[in-house]
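Everything below concerns the one structure shown next.
Just so it is clear: chains get the letters A, B, ... in the order the sequence lines come, proteins before strands, and each one is counted from 1.
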Amino acid sequence: MIPETNTNFNPRLAARQRLGNIWQGVFLSSTIIALIFLIVLMLNIINSAFGLVVLENSIAPSELSEQPLESLDKAALVDILIDNISRNAGRKLERDQRFFADSLAFEGQDKWDEVCLRDEPPSGCSGAARSTSDVLVLVYERVVEQQVIETYPLWQSLTQGNEIRAQVAEEFPTATVEFWSWLDRNFITSPMSSDASLAGVRTAILGSLWVIVLTIIIAFPIGVGAAIYLQEYATDSVLSRIIQTNIDNLAGVPSILYGMLGLAIFARTLGYFTSGQFLGVGAENGRTIISAALTMSLLILPLIIINAQEALRAVPNSLRNAAYGVGATRWQMIWSHVLPYAMPGILTGTILAVSRAIGETAPLLVVGAATFLTSDPTGLFSKFTVMPIQIFNWTSRPQAEFRNIAAAAILVLLIILLTLNTTAVLLRNRFSSRR
Amino acid sequence: MSQISQKNTPGQDGLLPDLSGRSSVFERVIGIVLLLCGVISILTTISIVVVLVREAYLFFGAPEVTVREFFTGTTWQPAIGKFGIWPLVNATLLTSFAAMVVALPLGISAAIYLSEYASDRTRSIIKPILEVLAGVPTVVYGYFALTFMTPLLRTIFGKGNVDIFNTGSAGIVMGFMILPMISSISEDALRAVPDSLRSAAYGLGATKFETAVRVVVPAALSGIMAAFILGLSRAVGETMIVAVAAGAGPNNFDSWGEAFSAEGFNFFKAAETMTGHIARISQGDISYASLDYSSIFSIGLMLFVITLILNIISRSIVNRLREQYE
């Protein structure tokens with residue numbers, strides 16, 4: 001590039017070029033470090049979500065039956081239960097849900113009739129009988145009592161599988177080694193349990209769903225409305241400038257402070273309403289789904305407004321003038337011309353805001369998410385837990401197997417978020433290619 | 001515009017559209033409803049301030065608490081009535097400092113690379129990946145800090161030196177969480193520098209590196225500063241990473257001498273930050289009448305003031321930048 005004669009003109013040029021190249025390497029590697037961090041983060045989670053586990057049973061399934069337990073019919077499984085658990089425990093199970101529709105396994109007929117005649121008969125009196133698979137689960141839970149003694153991460157399981165098996169065979173002769181995916185169908189469909197190998201995220205997923213859907217219902221109309229006001233109605237008045245500055249400021253408020261707001265206003269001051277007591281139903285205090293959703297709405301409102309404003313700003317003025325030109329009022333112009341045009345942009349922004357809300361933990365922790373909840377949410381006034389809270393809860397426990405299910409729950413959460421974000425990006429791309 | 005609608009009258013010849021639906025009352029109601037939507041955001045701010053100030057006022061009104069002790073005490077131990085906020089502030093400083101040490105150099109370097117060196121194609125690949133980093137829920141970062149970064153630090157520096165919960169690990173991971181934000185804002189600032197400046201530098205014989213570092217970066221410095229301050233504000237307010245990985249319990253000091261010794265600034269020790277303390281205390285069924293309850297609002301008020309100041313400074317810097325080039 002540089003003519004021969006110029007090298008004498010600037011003898012340091014080569015050194016300067018070299019320095020430039022070195023720094024270019026530094027800049028590039030900083031970028032790569034960030035990417036590596038993301039990869040390590042993902043690998044670390046996958047590493048914990050799968051792997052070998054060492055299991056020990058109180059009673060080996062082979063001692064209970066010569067055939068595999070899965071192949072037994074219900075009567076045989078109930079017989080195993082009768083042989084191995086106390087009569088009282090059996091009665092309690094039967095009162096919760098009976099084993100056979102036409103006969104009783106643990107309780108005498110007379111006693112059963114008496115119990116069922118009480119003012120509040122147990123659920124077993126009226127409900128359907130347990131299915132064979134339910135009974136099988138009971139046999140595993142109550143009789144086999146499988147316990148996780150040790151877990152190994154995926155990488156170690158793959159590279160040192162044989163050593164692990166050999167070592168386990170020596171230390172725990174009765175134990176078995178299995179390869180587990182902590183993330184499986186059972187994990188998605190089971191409720192919370194204090195036993196990591198049985199615990200699942202159903203309650204948390206349903207809780208997240210309730211909170212998010214309500215949040216959207218509350219925040220979307222208000223957010224879009226505020227954006228329309230600021231973009232289409234507001235003149236440069238003091239009020240609209242205050243609103244604008246205020247929204248920008250709100251977006252920078254730490255999320256935990258929204259949680260404190262929710263705790264003090266929605267859960268405490270408005271507790272009579274948010275607990276559902278004004279309807280005579282619901283929880284004993286205001287730490288319910290509706291409080292969580294209201295808090296979350298306030299949190300994502302600034303994001304929705306800012307994104308919607310941007311989408312509205314992108315609508316060409318010619319469209320507005322054309323609508324006015326054919327005699328539309330301001331609202332007709334907005335409703336039938338500006339909003340449809342801006343909607344993909346508004347939706348993209350809303351999805352991004354919602355995916356922020358799905359991963360948000362701190363405010364809900366403060367508002368009062370229940371950390372141990374086994375029953376599914378039933379309505380606005382139920383106690384709640386959500387995915388990130390569940391992850392936090394499991395991560396904070398000292399036992400290794402809870403780290404494994406935390407990793408599995410993180411995978412579920414990340415898959416949900418990835419799906420949402422991909423939708424947003426696709427929506428944005430389709431939108432921009434149509435222009 | 002409303003004059004236009006009032007001049008229109010329904011036509012008698014049937015050629016003009018039926019305008020009976022165009023009630024001006026309806027139009028006005030819509031306008032008011034939309035205004036109310038905007039006002040909700042103001043109410044939110046007012047409520048946050050009112051809630052924090054009211055509960056903090058109750059807290060400072062309690063006989064166990066004095067404002068002086070709150071700001072000058074070195075022990076936070078509600079059980080024995082000691083409410084000096086320094087241990088919590090100290091932990092927040094440690095985690096935020098560690099985060100900025102990681103995020104600032106990496107973030108600005110990445111921004112310079114993306115803005116000055118990378119081809120459009122490379123940028124279109126790397127930027128979305130960095131956005132993924134920004135979209136990961138913070139509790140996941142907390143998990144990562146506890147299960148990866150802490151064991152890594154313990155392997156490097158020795159198990160005896162590094163606690164299982166420590167501010168360093170939380171801070172480093174927090175740095176990576178903030179990195180995308182810093183690099184994205186800085187990159188915007190760098191790209192806003194007019195090309196004429198670069199051409200002028202090349203014309204004077206500067207190399208690409210010299211142009212980037214001596215001409216473009218100084219021109220974009222205010223934007224980079226804004227990114228730094230906004231990142232700091234995020235770090236101070238971040239909760240879940242520190243709640244999981246930094247420790248549960250304030251790192252109390254006996255005296256200011258101890259607080260400012262090496263012990264007070266040890267990144268390998270467990271310490272609870274302001275946000276971590278709020279998160280821990282408010283878990284479970286906290287009694288609304290307790291001093292614990294009102295104490296977290298005093299911390300919250302402090303947090304609000306700090307982040308508000310940081311955000312205002314950052315935005316005034318950005319606004320000045322905008323005036324410069326537009």
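For B:Tyr293, the part lying under 4.5 angstrom from a heavy atom of chain A is the side chain only. The parts of B:Ile129 that come within reach of chain A are both its backbone and its side chain, each placing non-hydrogen atoms under 4.5 angstrom from that chain. With a 4.5 angstrom heavy-atom cutoff, A:Val224 does not touch chain B via any of its atoms. Both the backbone and the side chain of B:Ser47 come within contact range of chain A, judged by heavy atoms closer than 4.5 Å. Of the two parts of B:Val213, only the side chain, counted from C-beta on, holds a non-hydrogen atom closer than 4.5 Å to a non-hydrogen atom of chain A. Contact annotation for B:Ile296: both backbone and side-chain heavy atoms come within less than 4.5 Å of a heavy atom of chain A. B:Thr307 touches chain A through its side chain: at least one heavy atom from C-beta onward sits under 4.5 Å away, while N, CA, C and O do not. If you measure heavy-atom distances from B:Ile40 to chain A, the contacts under 4.5 Å come from the side chain alone. Using a 4.5 Å cut-off between heavy atoms, A:Ser396 does not touch chain B at all. For A:Leu301, the part lying near chain B is the side chain, with the backbone staying farther off; criterion is any non-hydrogen pair under 4.5 Å. Heavy-atom distances place both the backbone and the side chain of B:Ala243 under 4.5 Å from chain A. B:Tyr117 touches chain A through its side chain: at least one heavy atom from C-beta onward sits under 4.5 Å away, while N, CA, C and O do not. In this structure, chain A has heavy atoms under 4.5 Å from both the backbone and the side chain of B:Ile48. Contacts of A:Leu417 with chain B are made by side-chain atoms alone, with heavy-atom separations under 4.5 Å and no backbone atom involved. Of the atoms belonging to A:Ala219, not a single heavy atom falls under 4.5 Å from chain B.
Using a 4.5 Å heavy-atom threshold, the side chains of A:Ile389 and B:Val139 count as separate. Using a 4.5 Å heavy-atom cutoff, the side chains of B:Ile30 and A:Tyr233 are in contact. Counting heavy atoms from C-beta outward, B:Ser96 and B:Leu232 have side chains that approach closer than 4.5 Å.
Between the side chains of A:Ser48 and A:Asn404, no donor-acceptor pair of N or O atoms lies under 3.5 Å. A donor-acceptor pair shorter than 3.5 Å cannot be found between the side chains of A:Ser29 and B:Tyr113. Side-chain atoms of A:Gln332 and B:Glu27 include no donor-acceptor pair closer than 3.5 Å.
In terms of non-hydrogen atom pairs under 4.5 Å with chain B, the most contact-rich of A:Asn44, A:Thr395, A:Ile410 is A:Asn44. The greatest number of non-hydrogen atom pairs below 4.5 Å with chain B, out of A:Ala234, A:Ala406, A:Ala407, A:Pro363, is found for A:Ala407. Counting heavy-atom pairs closer than 4.5 Å to chain B, the top-ranked of the candidates A:Leu414, A:Ile358, A:Asp248 is A:Asp248. Annotation: maximal heavy-atom pairing with chain B below 4.5 Å, among A:Pro221, A:Gly223, A:Gly359, A:Ser240, occurs at A:Gly359. Counting heavy-atom pairs under 4.5 Å between each of A:Arg356, A:Glu232, A:Gln24 and chain B puts A:Gln24 at the top. With chain B as partner, the option from A:Leu28, A:Ile228, A:Val425 having the largest number of non-hydrogen pairs under 4.5 angstrom is A:Leu28. Among B:Gly38, B:Gly237, B:Ala212, B:Ser233, the residue making the largest number of heavy-atom pairs under 4.5 Å with chain A is B:Gly38. Note: B:Leu146 leads B:Leu179, B:Leu230, B:Leu146, B:Ile312 in heavy-atom pairs under 4.5 Å with chain A. No other option in B:Phe297, B:Phe176, B:Tyr141 has as many heavy-atom pairs under 4.5 Å with chain A as B:Phe176.
Scanning all heavy atoms of the two residues, the minimum distance from B:Glu55 to A:Arg268 falls at OE2-NH1, 3.1 Å.
We find that B:Arg234 and B:Glu238 are not joined by a salt bridge, their nearest charged nitrogen and carboxylate oxygen being 4.0 Å or further apart. At a threshold of 4.0 Å, the pair A:Arg16-B:Glu210 counts as salt-bridged, since one of the basic side-chain nitrogens sits closer than that to a carboxylate oxygen.
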_Using the rule given for side chain to side chain contact (heavy atoms under 4.5 Å, CB included), can you reason through B:Thr239 versus A:Thr361, listing the C-alpha separation, both sets of side-chain angles and the distance that settles it, and then say yes or no?_
CA-CA 9 Å; B:Thr239 309; A:Thr361 325; over 6 Å; no
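Of the inter-residue distances, the one linking A:Leu299 atom CG with A:Ser255 atom OG reads 6.0 Å to the nearest 0.5 angstrom. To the nearest 0.5 Å, atom CD1 of residue A:Ile300 and atom OH of residue A:Tyr258 are 11.0 Å apart.
Distance alone, capped at 3.5 Å, places no donor-acceptor pair between the B:Lys127 side chain and the B:Ser184 backbone.
The environment of B:Leu36 atom CG is dense: over 12 non-hydrogen atoms of other residues, nucleotides or ligands sit within 6.0 angstrom.
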